[in-house]
Structures are given as structure tokens and as C-alpha cells.
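A quick write-up on the structure given underneath.
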2 protein chains.
Amino acid sequence: MNPFGEHIRKKREELKGKDPRFSVRKVAARIGVEPSYLSKVERGEQAPPSEEKIKSLAVELGEDEDILLALAGKVSTDLQEAIRRRPRLFADLIREIKDMPDHAVLRLVREVRDGNW
Amino acid sequence: MNPFGEHIRKKREELKGKDPRFSVRKVAARIGVEPSYLSKVERGEQAPPSEEKIKSLAVELGEDEDILLALAGKVSTDLQEAIRRRPRLFADLIREIKDMPDHAVLRLVREVRDGNW
DNA sequence: TTTTATGTGTAGTATATACTACACAGTACA
DNA sequence: TGTACTGTGTAGTATATACTACACATAAAA
């Protein structure tokens, strides 16, 4: 089990098939790390990188930042900050909906978005 | 600015006024740390302790866990895990409501709680 | 007045996090 | 056939996190 590494390796190799700019070395250079480090991260020999590097990786590979962070066992600092600003409110809300099925949460998100709130 | 330390010192001293079991040494012993460490944390000479210690401190002092964690700049792992399980869903929801006024979020929490969801 | 308890100062330690630097063998390309 | 580029192995480092151990002076209790 190394969801993060496997995921980005798969995606990177896929992109590399069509574009040589997606070699380990080139991607590593673009996100600002050593190639051997990225190689090890992809193979799970090293833990996932920092939030910052994960976010540039998401941009480079055209992946979703929040999903990549989740695969790395992290939560974006902007979300954490929102919770920390109003901990009671957000803790209650999250605990209330954490076991609800996807469709119910999705309905909630949509209702808040285009609604009279 | 050392919101965490100041907060717990104030609360502990308040309790100590009515009950000698709330000295630095006694509380430290109960939450399982060295007294000098707790002293330094309260005075902001040391960063706040781990999530685990903060939670026992909350129990000891009769304070809200989520609020204490927030003052320490942390977010409870159970909330983080809920987000990591369904990152897109939760990230969208949190970003959608993070700038809404308290009363609106509160209404949402209540509506979810005793509602038809 | 001895014992006991108080808060705090000094000086560390263990573990985790987030990487770098460099070398090396194999492959592709000119 | 040399040059360039590939992925990866080895061996580190810097900084942060989360504390411990012990000593010491002052104050309260016996």
C-alpha cells in the first residue's frame, strides 16, 4: 500500500508516453526536487513530499490537489485554517455529515452553492 | 501572542483557586508530562504539546478539545480523516461555507442534524 | 524547623520530516 | 561510438516536533 507514489507514477508514465517532458528527471526539476527523491517517492521508498511540492506536482500532472494531498495523508492548510478559525462550528458540521452517503453531502454542497444561504 | 499557553494557564489558575489539585505539577502528572514542560508551554516558551496531550488537558481542565486544538494551531485527526476519505466532497463544502457568517453555518448544522437528509 | 510542595531554569534527547549531493549502470540518439 | 539522458542506489543533512531529567530557589505545612 503506497497510494500516493503509485498514483503519481502511473499518471506520470502515462503522460510520458505522449510527451518526453514527463521523465522523472524533468518533472523533478520542474517541481524543484532531486530526481532520485522523486523516484523514491514514487516507489514508496520515501514518504510523500511536502504540501507545497504535492501542489506543484498536481499542477504539473494535471491532477486534483485535494485528492493528491489526501493520498499523501494530508489536508490542505487552507481547509485546516478554516476549521481552526471556527472550530466548534466546523467540527460539529464535519462530524454531523462524515457518515452521510456521498449523494447527501453532494446535495448539501449544491444547495449551499446555488442557494439562499 | 501565545493563545494556547495563556488560555490554559488562565483556566488552570482559576481552577487552582478552588482546588489544589490544579497546580502545574499535579496537572502535568495527570496528563503525563514533566512539570517544567507544562510550565514552559503555558508561558509560551515551548510550542503546544501533541494532540494527545492537548486532549487530556481538555478533559482535565473541562475545556473544549476542538477549541484547545485550534488555539494550538491544530485540527483533530478524526476531522482530518473525514476530509481525507472524501477530499473533493469535503474540500468543496468547506470552501463553500468558510466565508459564510456564523449564523448561516449554524443553521446548516442544525438543519442537517434534525433534518430530512 | 525540618519536610514537602511549588514553579521554573538549564541542558539535553529521540524521532520525524523533508529533503540534497553524487555516483553509477543501462538505454537512446547522432 | 561517443554523448546525453534515463532511473535509481548510497549516504548523508537541516529543521522541527515533542518531549525528559534534574537541579534550584522560594513558599507552605507539619
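Convention: sequence-line order gives letters A, B, ...; per-chain numbering from 1.
- Counting only distance, with no hydrogens or angles, the side chain of B:R86 and the backbone of A:K98 share a donor-acceptor pair below 3.5 Å.
- If you take CZ of B:F4 and C1' of D:dT17, they are 14 Å apart, rounded to a whole angstrom.
- Between the CG atom of B:L38 and the C1' atom of D:dA21 there is a distance of 16 Å, given to the nearest Å.
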Between the protein and nucleotides 8-12 of chain D, which nitrogen or oxygen pairs are less than 3.5 angstrom apart?
unit_1	atom_1	unit_2	atom_2	d
D:dT8	OP1	A:R9	NH1	3.3
D:dT8	OP2	A:R9	NH2	2.7
D:dT8	OP2	A:S39	OG	2.7
D:dT8	O5'	A:S39	OG	3.4
D:dG9	OP2	A:R43	NH1	2.5
D:dG9	OP2	A:R43	NH2	3.2
D:dG9	OP2	A:E45	OE1	3.3
D:dG9	O6	A:S36	OG	3.2
D:dT10	O4	A:K40	NZ	2.8

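- A donor-acceptor pair under 3.5 Å links the side-chain atoms of B:Q80 to the main chain of B:V75, judged by distance alone.
- Using a 4.0 Å cut-off between a side-chain N of Lys or Arg and a carboxylate O of Asp or Glu, A:R88 and A:D92 qualify as a salt bridge.
- B:E60 contributes no side-chain N or O that, together with a main-chain N or O of B:V27, makes up a donor-acceptor pair within less than 3.5 Å.
- Applying a 4.0 Å cut-off to non-hydrogen atoms, the residues of residues 48-56 of chain A that approach DNA chain C are A:P49, A:S50, A:K53, listed by residue number.
- Contact check, B:K26 against C:dA5: no side-chain N or O comes under 4.0 Å of OP1 or OP2.
- Among the nucleotides D:dT20, C:dT20, D:dG7, the one closest to the side chain of A:S23 is D:dG7.
- Checked by atom type and distance alone, the side chain of B:K53 pairs as donor or acceptor with a backbone atom of B:G32 at under 3.5 Å.
- Across all non-hydrogen atoms, the minimal contact from B:K11 to B:L61 is CE-O, 3.0 Å.
- In this structure, the side chain of B:R43 engages the main chain of B:S39 through a donor-acceptor pair within 3.5 Å.
- Checking side-chain atoms of B:R12 against main-chain N and O of B:F22 turns up a donor-acceptor pair under 3.5 Å.
- Less than 4.0 Å separates DNA chain C from no heavy atom of any residue of residues 68-75 of chain B.
- Of all non-hydrogen atoms in B:Y37 and B:A47, the two that sit nearest each other are OH-O, 4.2 Å.
- Rounded to whole Å, atom P of D:dA18 lies 14 Å from atom CG of B:L57.
- Heavy-atom minimum distance, A:P3 versus A:L71: CB-CD2, 3.7 Å.
- Of the N and O atoms on the side chains of B:K55 and B:S76, at least one donor lies less than 3.5 Å from an acceptor on the other residue.
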